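Structure, as structure tokens:
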Amino acid sequence: MSWNDSVTEPTRRPTRSTYIPPYLRTTTSNNTTPFGSQTDFSSGPRFTAPNRGRGHGRGRWGQNRQFHDRSTNANPFDLSEKFDELEVVEDGNVGQGINFDAYEDIPVETSGSDIPPAVKTFAEIDLGKALNENIRRCKYVRPTPVQRHAIPIALAGRDLMACAQTGSGKTAAFCFPIISGIMRNPKSMSVPVWGGRGGGGVAYPLALILSPTRELSCQIHEEAKKFSYQTGVKIVVAYGGAPISQQLRNLEKGVDILVATPGRLVDMIERERVSLRMIKYLALDEADRMLDMGFEPQIRRIVEQMGMPRPGPRQTMLFSATFPTEIQKLASDFLSNYIFLAVGRVGSSTDLIAQKVEYVQEMDKRNYLMSLLHAQSANGAYGKHALTLVFVETKRGADALEHWLCMNGFPAAAIHGDKVQMERERALKSFKTGVTPLLVATDVAARGLDIPHVAHVVNFDLPKDIDDYVHRIGRTGRAGKSGLATAFFSDKNMPLAKSLVELMLEAKQEVPSWLTQYAESSSAYGSSGRGRRYGGGKFGGRDYRNSSKYNSGDDYNYTQYADSYAVSDSYAAATSSAFPYDATPNSAYYAGGGIDSNAVGSHGYNFDQEGIVASGWD
DNA sequence: AAAAAAT
């Protein structure tokens with residue numbers, strides 16, 4: 001079945017309010033650069049037009065063109081922040097650092113009608129030459145489990161609600177099909193928006209990717225640029241806190257995929273600089289977050305009231321590591337005959353993250369953290385190769401703890417929503433580069449951010465919601481590497497006890513007996529997060545449509561099975577461009593320079609569970 | 001109750 005059978009072919013983008021230079025009105029399908037050869041720009045009617053407008057008029061075309069070329073053709077695979085002594089692994093050695101065992105028998109649940117079968121290799125999917133080349137450049141050898149299932153579904157034009165563990169390659173799972181789909185319809189590909197009198201024209205992106213934080217949008221943009229290198233597919237990012245002018249200029253150069261945070265996008269739509277009329281692909285990253293109480297009205301407005309095509313003509317993909325039932329119900333408004341996909345233990349952390357919970361009184365938290373950091377430091381598990389991310393509850397608390405840590409000789413940065421964007425980015429960068437191997441963060445950093453070398457996540461203040469906990473600890477243990485998560489549990493956290501215990505049991509973690517007792521007594525309050533999963537260690541039943549009161553459909557398939565991945569055939573985790581450090585063997589993480597679990601707390605930790613590399617753990 | 005997201 002061809003693409004066009006299942007999805008309405010987009011018409012040519014409107015030209016009423018945009019001017020498309022004649023030489024761009026027909027593009028060939030195999031252009032490897034967005035504009036074809038440079039000679040196209042050596043002459044032509046566009047240069048004969050007088051300068052006008054705001055100085056971005058026709059006379060600037062040549063300059064814009066050059067600038068654009070430089071920005072899009074710059075090789076995105078160069079890693080500016082690569083740590084010196086680590087090298088990108090060569091082809092053939094990829095996978096060396098992956099904990100293959102952890103991905104054996106990974107549970108997979110799919111439900112919905114006519115589910116396209118999963119693939120085992122990228123070669124089985126025809127993503128096209130340019131994308132295949134980029135997959136090679138990214139050193140992705142095999143698709144990750146979520147990619148194996150999600151990509152065929154997306155390529156078949158189907159709507160998708162996908163749950164996959166943190167750090168399992170979700171970004172690529174929705175980017176590849178979008179880029180591939182856009183390339184299959186070269187006629188619809190974007191051309192520069194004509195900057196007319198009174199300020200710019202309207203950009204008509206074909207795909208929209210929304211995410212809940214600015215930093216995450218940036219990260220998705222960076223990833224997507226790698227995936228779309230030399231495909232001619234143009235990707236622009238738009239988010240708040242940065243001058244809108246440059247973002248608007250980027251839009252004028254043409255946009256196929258717009259990555260955005262909601263507020264700035266709405267602003268641009270209201271300014272009539274972006275139209276959603278031509279959107280064919282919509283992806284919500286961290287979809288449950290996007291649809292929770294604070295965000296939902298804004299997202300609903302964007303998706304339902306700002307000119308975007310309806311589900312059906314539009315293909316919608318929702319991704320998250322967690323998907324509460326109530327949110328699934330909300331999300332189904334945006335979807336049409338969708339497939340539900342869950343890879344890994346839904347809403348659980350990966351087995352790669354060792355979770356510890358310490359009982360610490362509020363007043364003792366700082367001292368406890370200090371001793372923990374000293375122990376790490378003495379163990380060599382502190383520094384730019386072993387970053388520690390500390391989550392706190394409030395913005396004020398983040399500033400206070402950052403200050404206190406610095407005063408006590410631990411260079412820390414802090415990131416939260418009260419900082420201006422430049423400070424936020426500076427904090428993140430100094431953390432990533434190891435200038436400050438400590439980052440104190442609010443939930444702004446809880447989701448999606450991929451920071452290599454986060455060896456330890458400390459929940460200085462535990463979140464109220466177990467899902468937030470899942471996302472927070474997911475900042476470590478990424479791309480098949482193991483990590484450590486330590487939580488400071490105080491009396492305030494009683495309501496979380498039950499769901500925390502359930503989660504830890506599901507992840508085969510050792511649960512302290514005091515916590516089990518708390519969980520049992522707190523269950524009297526009837527509170528278990530939203531009380532919906534982690535029960536009985538059984539997997540499945542996550543698609544709310546499968547609960548009996550919803551399941552009345554006839555042509556409805558429900559599949560629950562364990563994907564068996566032979567060890568040697570296991571996946572090469574998302575690799576080098578995004579995660580340039582996979583050459584580091586897992587064991588080395590704990591054996592040298594890593595966290596020795598016995599060194600980080602007052603109690604000896606005796607982990608002996610699957611999924612954790614034994615070395616260093618005794 | 002907090003956090004995030006436009007100016």
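Nothing here was measured: the structure is a model prediction, and the numbers come from that model. Numbers restart at 1 for each chain; the letters A, B, ... are given by sequence-line order, proteins then strands.
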Original post:
Is the phosphate of B/dA1, meaning OP1 or OP2, less than 4.0 Å from a side-chain N or O of A/Lys492?
Top reply: no
**OP:** Could you tell me whether A/Arg271 contacts a base, only the sugar-phosphate backbone, or nothing, with contacts defined as non-hydrogen atoms closer than 4.0 Å?
**Re:** nothing
Original post:
Would the A/Phe391 and A/Phe460 ring centres measure less than 6.0 Å apart?
Top reply: no
Original post:
Taking atom P of B/dA5 as reference, at what distance in whole Å does atom CZ of A/Arg300 sit?
Top reply: 22 Å
Original post:
Among B/dA5, B/dA6, B/dA3, which is the nearest nucleotide to the side chain of A/Phe295?
Top reply: B/dA5
**OP:** Check the distance between B/dA3's P and A/Gln298's CD and give it to me in whole angstrom.
**Re:** 18 Å
**OP:** List for me each residue that meets side-chain hydrogen bond (donor to acceptor under 3.5 Å, both in side chains) alongside A/Lys419, sequence neighbours excluded, and say none if there are none.
**Re:** none
Subject >> A/Arg472 CZ to B/dA2 P, straight-line distance once rounded to whole Å >> reply: 14 Å
Original post:
Tell me: CG of A/Asp292 to P of B/dA3, nearest whole Å?
Top reply: 14 Å
**OP:** Mind calculating the distance between CG (A/Asp468) and C1' (B/dA1) to the nearest angstrom?
**Re:** 13 Å
Original post:
Taking atom P of B/dA5 as reference, at what distance in whole Å does atom CZ of A/Arg289 sit?
Top reply: 9 Å
Subject >> Sugar-phosphate only, base, or nothing, as touched by A/Asp443 at under 4.0 Å among non-hydrogen atoms >> reply: nothing
Original post:
Any donor-acceptor pair under 3.5 Å joining the side chain of A/Arg214 to the base of B/dA5?
Top reply: no
Subject >> Non-hydrogen side-chain atoms of A/Arg249 and A/Ser245 separated by less than 4.5 Å >> reply: yes
Original post:
Once you round it to whole Å, what is the distance between P of B/dA3 and CG of A/Asn459?
Top reply: 15 Å
Original post:
Quick one: do A/Glu304 and A/Arg310 make a salt bridge, cutoff under 4.0 Å?
Top reply: no
**OP:** Answer yes or no: does a side-chain N or O of A/Thr442 lie under 4.0 Å from OP1 or OP2 of B/dA2?
**Re:** no
Original post:
Which pairs, with at least one residue in residues 408-418 of chain A and sequence neighbours excluded, count as a salt bridge (Lys or Arg N to Asp or Glu O under 4.0 Å)?
Top reply: A/Lys395-A/Asp418
**OP:** In whole angstrom, give the distance that lies between atom CZ of A/Arg424 and atom C1' of B/dA6.
**Re:** 13 Å
